[in-house]
Amino acid sequence: MGVRKIKTAVIGSGMISSIYIRNLSRMFSVIDLDAVCARRREAAEARAKEFGIPRALTLDEAAADPEIELVVNLTAPDAHYEVIRRMLLAGKHVYTEKMFTTDLEKSRELVALAAEKGLYLGVAPDTVLGASIQTGRYLIDTGIIGEVTSVQACINRNQTLNSEFFRFLRGEGGTLPYDVGVYYVGALVALLGSVERISAFGNPAPVHEPQVAFLNEGEEPWQIPGINVTAASLRFACGAVGSVLFDGNTIGQSQHALTVYGTRGILKLGDPDRFGDPVTLILPENEPVQMPLTHGFDGKNYLGEPASFDHYGHRGIGVAELAWALRRGRPHARLSGEYGLHCQEILQGMTAAAETGEVFEVQSRCEIKGLRPGYYSSMFGGNMRGDAEASLME
Ligand SMILES: NC(=O)c1ccc[n+]([C@@H]2O[C@H](COP(=O)([O-])OP(=O)(O)OC[C@H]3O[C@@H](n4cnc5c(N)ncnc54)[C@H](O)[C@@H]3O)[C@@H](O)[C@H]2O)c1
């Protein structure tokens, strides 16, 4: 007998909703994507029709619907707290896109509310369950690079230019550390565990004069609130130290780095905003070697999928992992509220340390259980869907 599927609704019909709806409606046997919700019914209807999803609902209707067990929150960050709270109060399990909320206290409140009501609350980014980061984690756990001594994580963008197109970036949570740095922070936590202490320096975003005039005619200049450039030092509970550089005040051409140093070797990982970037192992007396990926969810489509997964890859694995935890009655051991809180507290700690000049002591802790290796998203040379979903069950 097959698994009893979890009736799920997606909330939000913006840009990222397409990949979620596409993946959740066809990729996981545990998910029954039943409805698309939006503030305006017409917006929900249009998205539902586009992807053949049975129902289009308002948020009130979704909250009141007894059949919907799980909601996936894809609204803009400044709406997250209200939407998540409302759905938890309505008795729904929730998975939310990043950032968790724009205020750490509010995120703590939501984690407590979910616990009080016995509901699962999951938080993106789920790229950390993708093939690259999971392969990196597996290799670290085998001891092939010895004891981890340090890590380096860097990403750059022109965040104010990006905020011309993605308007939600102009508000709280729109700085590069929160918007993109969170993928790096999530990866560091998934690879090395909890961060205990942070020191940092930082700079704000500039006041931005609209550049793409034909799109922004008549718009006033704006400034993304918060710290848009951060150079931070981290101490992990495992004893390793980390060096982080997030620069949102430069150009967009990405010079990303994610490198883990150990007593016996070095691992270079790709862009943690992607699912299947190469993982390179460097050992003494050898040329660097690109390792085979030991896990599925590499962001590639298999022959027969109607469209390529493009940059957004396997988004939705985190939802399926939560759904399996729910169906199996097992603890939510991966992208839990604690994971969301820990990532957010690390980002807030970087800002606080930069603003005060003092070391920030991180209160929260989080350990993410690795996925079992040996399961792949495709089989027969990419011709058929593989069994990677099985790695989300335990
Ligand atoms: N665009 C990306 O590249 C990307 C990638 C990964 C994650 N995300 C995250 O996904 C989320 C959505 O991003 P997006 O790019 O789709 O944004 P978007 O602005 O295109 O869409 C946001 C959606 O949220 C809806 N919304 C806003 N406030 C709401 C409210 N109070 N109640 C109900 N609906 C509300 C809007 O109507 C819209 O449908 C954000 O949290 C973002 O950080 C975006």
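The structure presented is a predicted model; accordingly, all values stated were derived computationally and were not measured. Remember, it's 1-based here, ligands and their atoms both numbered in the order they're listed.
Among R40, R47, R39, the residue whose heavy atom sits closest to atom 29 (C) of ligand 1 is R39. Here atom 6 (C) of ligand 1 lies nearest to Y183 when heavy atoms of Y183, Y81, F165 are compared. Comparing A43, A79, A124 by heavy-atom distance to atom 31 (N) of ligand 1, the nearest is A79. Of the candidates E97, R167, E82, the one placing a heavy atom closest to atom 8 (N) of ligand 1 is E97.
By the 3.5 Å distance cut-off applied to N or O atoms, S17 is not counted among the residues near ligand 1. Taking any N or O of M15, backbone or side chain, at least one lies under 3.5 Å from an N or O belonging to ligand 1. The N/O atoms of G14, backbone and side chain alike, include one that comes under 3.5 Å of an N/O atom in ligand 1. Looking at ligand 1, you'll find an N or O of I16 within less than 3.5 Å of one of its N or O atoms. Checked against a 3.5 angstrom limit, the closest N/O atoms of R315 and ligand 1 fall outside it.
The nearest protein atom to atom 3 (O) of ligand 1, hydrogens excluded, is given as Y312 OH, 2.9 Å; this is a heavy-atom distance. Protein heavy atom closest to atom 11 (C) of ligand 1, with residue, atom name and distance, is T75 O, 3.3 Å. Among protein heavy atoms, atom 43 (O) of ligand 1 sits closest to K98 O, 2.9 Å. Given atom 19 (O) of ligand 1, the protein heavy atom at minimum distance is F168 CD2, 3.8 Å.
In this structure, H80 is part of the shell of residues with a heavy atom less than 4.0 angstrom from ligand 1. Using a 4.0 Å cutoff on heavy atoms, P77 counts as a contact of ligand 1.
For the residue pair S18 and R47, a side-chain donor N or O sits within less than 3.5 Å of a side-chain acceptor on the partner. Side chains of Q159 and T175: a donor-acceptor N/O pair is absent below 3.5 angstrom, by distance only. If you check the side chains of T101 and D103, you find no donor sitting under 3.5 Å from an acceptor.
Using a 30° and 60° split on the angle between ring planes, Y95 and Y20 fall in the tilted class, from 30° to 60°.
Using a 4.0 Å cut-off between charged side-chain N and carboxylate O, R85 and E109 make a salt bridge. A salt bridge is defined here as a Lys NZ or Arg NE, NH1 or NH2 lying under 4.0 Å from an Asp or Glu carboxylate O, and R315 with D273 meets this definition. For the pair E219 and R170, the salt-bridge criterion is met [side-chain N within less than 4.0 Å of a carboxylate O].
Every pair passing ring-ring contact (aromatic ring centres under 6.0 Å, His included) that includes a residue from residues 100-128 is listed here, sequence neighbours excluded: H93-Y120, Y120-H332.
Annotation for ligand 1: atoms under 4.0 Å from non-hydrogen atoms of L74 are 11 (C), 12 (C), 22 (C), 23 (C), 24 (O). Counting atoms of ligand 1 from 1 in the listed order, those under 4.0 Å from a heavy atom of S13 are 39 (O).
Formation of a donor-acceptor pair under 3.5 Å by the D126 side chain with backbone atoms of G316 is found in this model. Side chain of E345 to backbone of S364: a donor-acceptor contact under 3.5 angstrom is found.
Through side-chain heavy atoms spaced under 4.5 Å, either directly or across other Ile, Leu, Val, Met, Phe, Trp or Tyr residues, M384 is tied to M379, F380.
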